[in-house]
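Heavy-atom basis, side chains included; hydrogens, waters and symmetry copies ignored. Along the sequence shown, the residues carry numbers beginning at 1.
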Amino acid sequence: MRRILDALKWFFTNPTCVFCLGLAVVLTATTIELLRGRATNFYDYYDATNMFWAGISPYSLEFIEAHSIWFLYTPVFTTIYAPIFLLPEWLGPFVWNGFNYCMLCLAIKTLPQPLAPYRMKIFLFLLLLILQSTFCFQYNMVVCYIFLFAFTLLENGKPFWATLLIMISATTKYYGAIELGLLLCYPKFWRNMGYALFWGVVLLLLPTINTAFDNVFVLYKDMWGTYESHRGAADYPGLFYAPGLKSLLLPNLRIVQLSVLVLIGAMFFWLNKRWSDFRFRVETLAVMMGYIILFSDSPETHTYMIALSGYMMAFWLQPQRSKFDWILFWLLFINFCILPVDALCPTPVYRFFHNNFWLDVYCMTIAWIRVIWWAVKPNRIPFPAISRSAIIITLLLCAVGLHAQDRHYRINGVRFTMKYVEGGTFMMGASDNDSIADSDEKPAHKVTVGDFYIGETEVTQELWKAVMGKNPAKIKGENWPIENVSYKKCLEFVEKLSEMTGRHFRLPTEAEWEYAARGGKYSKGYLYAGANDVEKVAWLHNDTLWARHMPVASKQPNELGIYDMSGGVWEWCDTPYEPYSGDKGTFFTRLIRSRFKVVRGSGFRGYAKYARVSNRYCNAVWRNDHTIGLRIAMQL
């Protein structure tokens, strides 16, 4: 029995296994629904698209009567997804469900790094809801992964492509446009809004490539009429149809929608000082995703995947989760992932709980309000007017200087410190006239990094053991840097450390590493990390005679109070090894490089040349060596 449980645990914690299981279920469900003749949603899309390209409007009473459904998607939808809906009838459903499942999995897998420790948990929570959507061939899965992809692109500094995705969502089902509000949290807002306007115009004009209509824009008006007639046609699982609220809210639907949106917007602008906080941006996204479902004209149970995706991200990012939060978590799981599934719960049971108590809608509403509270609660960032004593304390802390912002942690009795690094712009790499620099250090180029935390020292062997349970170092010493760890093993370490602390640890990017090594905004332009004399700051070949490491923090720190960024052990960075010149090389070259990550700082067997702050090297992600360790970074 124990072996079975261990095997199940291994299986459901292995992303590849869970993905393949889900894909198998998706394809099986698609086959079953096709054989049972229940792939009606897909064939509604299919018929509407084929009618559109034949010059027949799908926004008509005839279409509603013939299909017993309202077609609530714009002409942009029937244009963009035509390659799928014009496929043979037997093939299209498999491509639709399989493609959307894979894209949602990819969207979760590529969520920003602070969410990396929770990607698998988010996916497992949503898996049953995802499978429900595939049985229904729903578009809500597309809207969900567009929200996630767009957010990830914004976080990665790619607003041009993020706005394209946002506008695809906005011009196919309208409510995706709410994510445009998140652009305020990122640099160059008006430029990004310009991108959105550009993509919006392009997408709205896209249906004009169909010459079967004299005036294709009339279809937009017809579609809006269909959308309005759809409202109130049935009782949908949303706030406007909830018992006790329907008679009050539904007649004033547009007023309520607009009033709540204005209130959310007012709170968002009131908290503008938090826009730079990653957790606040996630909470804002979760509020947006919850709003478009709870206050939708006609939500369905599986559309709550969108709201729950946002909630799950915000939930796992909380430093502390109360008993109330966990009770709410499991209530949401039961109401949305267990009760609606016929194979897990008899349909009469689900209808009894939903029709009599509406627990699903009310639980999601409470969860949505909870996310708002997480975003606005005053202990996140001090409000400007708290009390005279709080202001005095704040001023005193500011007078202490930068180091008052350091963070100290203790794991199983092992203490470590994260140094605050104020972001800025610097010249990364070596100048062209630097004769000892290697070619991969050139050309020097301007780089901007945001605020972050980085380890005061390299990760020590005692800290690694406190987190991972074992010490893989070849040269043992509790206060010596950990080594003999691969890049992949380091990712496991930071993920586990994040779970144990509730913070969001990661490996530094190469730019962050060099910026910190140079001293950040306090840089004095030293050749090594903290001095021009390498003997003052680095343990190198001459010190250790190729034999062993030395204790961390036993030489002088750099301008930020960070130790051993020159010498000691090479340190993994979370950046692929590529030339600064922008020359990506051949496909084969890029393929080979993709297997390598940057390492920085030189090791105890190195020479002074390699300990310079601009020097860079690489190693294969699966390799471990007794000269390579790591230094952790932490999200604000």
Applying side chain to side chain contact (heavy atoms under 4.5 Å, CB included), run through Lys446 and Phe426 and close with a yes or a no.
CA-CA 6 Å; Lys446 187 178 291 186; Phe426 74 110; over 6 Å; no

Rounded to the nearest 0.5 Å, how far does [atom2] of [Y] lie from [atom1] of [X]?
X      : Y      : atom1 : atom2 : result
Thr457 : Met565 : OG1   : CE    : 11.0 Å
Phe269 : Ile264 : CZ    : CD1   : 13.0 Å
Leu127 : Leu104 : CG    : CG    : 10.0 Å

For the aromatic rings, using the six-membered ring if either is Trp, is the centroid distance between [X] and [Y] under 6.0 Å?
X      : Y      : answer
Phe268 : Trp275 : yes
Trp368 : Tyr311 : no
Trp326 : Phe315 : yes

Looking only at heavy atoms, which two atoms of [X] and [Y] are closest? And how far apart?
X      : Y      : answer
Met289 : Ser309 : CE-CB, 4.0 Å
Leu239 : Leu249 : O-CD1, 3.7 Å
Tyr145 : Ala107 : CB-CB, 3.8 Å
Thr301 : Leu129 : O-CD1, 4.3 Å
Glu512 : Val449 : N-CG1, 4.2 Å
Ile562 : Lys419 : CG1-CG, 4.0 Å

Keeping the roles fixed (side chain from [X], backbone from [Y]), state whether a donor-acceptor pair exists under 3.5 Å.
X      : Y      : result
Gln132 : Phe336 : yes
Tyr101 : Phe19  : yes
Thr303 : Pro299 : no
Thr134 : Leu131 : yes
Trp572 : Val485 : yes
Asn412 : Ala466 : yes
Asn335 : Leu332 : no
Arg506 : Val494 : no
Thr74  : Thr171 : yes

Provide the full list of salt bridge (charged side-chain N to carboxylate O under 4.0 Å, His left out) pairs with a residue in residues 359-371, sequence neighbours left out, each pair given once.
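Salt bridge (charged side-chain N to carboxylate O under 4.0 Å, His left out) check on residues 359-371 returns Asp325-Arg370.
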
Pair listing, salt bridge (charged side-chain N to carboxylate O under 4.0 Å, His left out) test, anchored in residues 488-498, at least two apart:
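Listed by first then second residue: Lys489-Glu492.
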
Under 3.5 Å, is there a donor on one side chain and an acceptor on the other for [X] and [Y]?
X      : Y      : value
Asp574 : Tyr487 : yes
Asn140 : Glu300 : no
Thr163 : Asn192 : no
Ser498 : His504 : no
Gln318 : Glu283 : yes

List in chain and number order the residues that pass ring-ring contact (aromatic ring centres under 6.0 Å, His included) with [X], two or more places apart in sequence or in another chain; answer none if no residue qualifies.
X      : answer
Tyr409 : Phe416, Phe505
Tyr81  : Phe77, Trp96, Tyr139
Tyr291 : Phe295
Phe99  : none

With respect to Glu458, which candidate in Leu630, Asp564, Leu463 satisfies the side chain to side chain contact (heavy atoms under 4.5 Å, CB included) definition?
Asp564

Derivation of the salt bridge (Lys or Arg N to Asp or Glu O under 4.0 Å) call for Arg415 and Glu456:
CA-CA 11 Å; Arg415 186 175 183 274; Glu456 182 181 41; over 6 Å; no

Sequence neighbours excluded, which residues qualify as salt bridge (charged side-chain N to carboxylate O under 4.0 Å, His left out) partners of [X]?
X      : value
Arg503 : none
Glu499 : Lys121
Glu571 : Arg631
Lys521 : Glu422

Chi angles and distances behind the side chain to side chain contact (heavy atoms under 4.5 Å, CB included) call for Leu359, Leu331:
CA-CA 8 Å; Leu359 279 176; Leu331 283 174; 5.8 Å; no

Extract all donor-acceptor atom pairs below 3.5 Å that involve side chains of residues 149-156 and protein atoms in other chains or at least two apart in sequence.
{"residue": "Thr152", "atom": "OG1", "partner": "Leu148", "partner atom": "O", "Å": "3.0"}
{"residue": "Glu155", "atom": "OE1", "partner": "Arg281", "partner atom": "NH2", "Å": "2.9"}
{"residue": "Glu155", "atom": "OE2", "partner": "Tyr186", "partner atom": "OH", "Å": "2.5"}
{"residue": "Glu155", "atom": "OE2", "partner": "Arg281", "partner atom": "NE", "Å": "2.6"}
{"residue": "Glu155", "atom": "OE2", "partner": "Arg281", "partner atom": "NH2", "Å": "3.3"}
{"residue": "Asn156", "atom": "ND2", "partner": "Thr152", "partner atom": "O", "Å": "3.3"}

Evaluate the ring planes of Trp199 and Trp161, with Trp represented by its six-membered ring, and classify them as parallel (under 30°), tilted (30 to 60°) or perpendicular (over 60°).
tilted

Return the set of residues passing side-chain hydrogen bond (donor to acceptor under 3.5 Å, both in side chains) with Glu514 (not counting sequence neighbours), or none when no residue passes.
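Partners of Glu514 under the side-chain hydrogen bond (donor to acceptor under 3.5 Å, both in side chains) test: Arg518, Arg600.
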
After noting the C-alpha distance and the side-chain angles of Asn14 and Met120, does the key distance pass the side chain to side chain contact (heavy atoms under 4.5 Å, CB included) rule?
CA-CA 9 Å; Asn14 186 304; Met120 191 65 179; 6.0 Å; no

Under the side chain to side chain contact (heavy atoms under 4.5 Å, CB included) criterion, do Ile334 and Leu339 qualify, and how do the steps go?
CA-CA 6 Å; Ile334 292 169; Leu339 294 182; 4.0 Å; yes

Would you sort out whether Thr417 and His408 count as a side-chain hydrogen bond (donor to acceptor under 3.5 Å, both in side chains), showing the intermediate values?
CA-CA 5 Å; Thr417 298; His408 307 284; 2.9 Å; yes

Checking side-chain hydrogen bond (donor to acceptor under 3.5 Å, both in side chains) for the pair Gln257/Asp297: CA distance, chi angles, key distance, verdict?
CA-CA 9 Å; Gln257 287 175 332; Asp297 288 15; 2.8 Å; yes

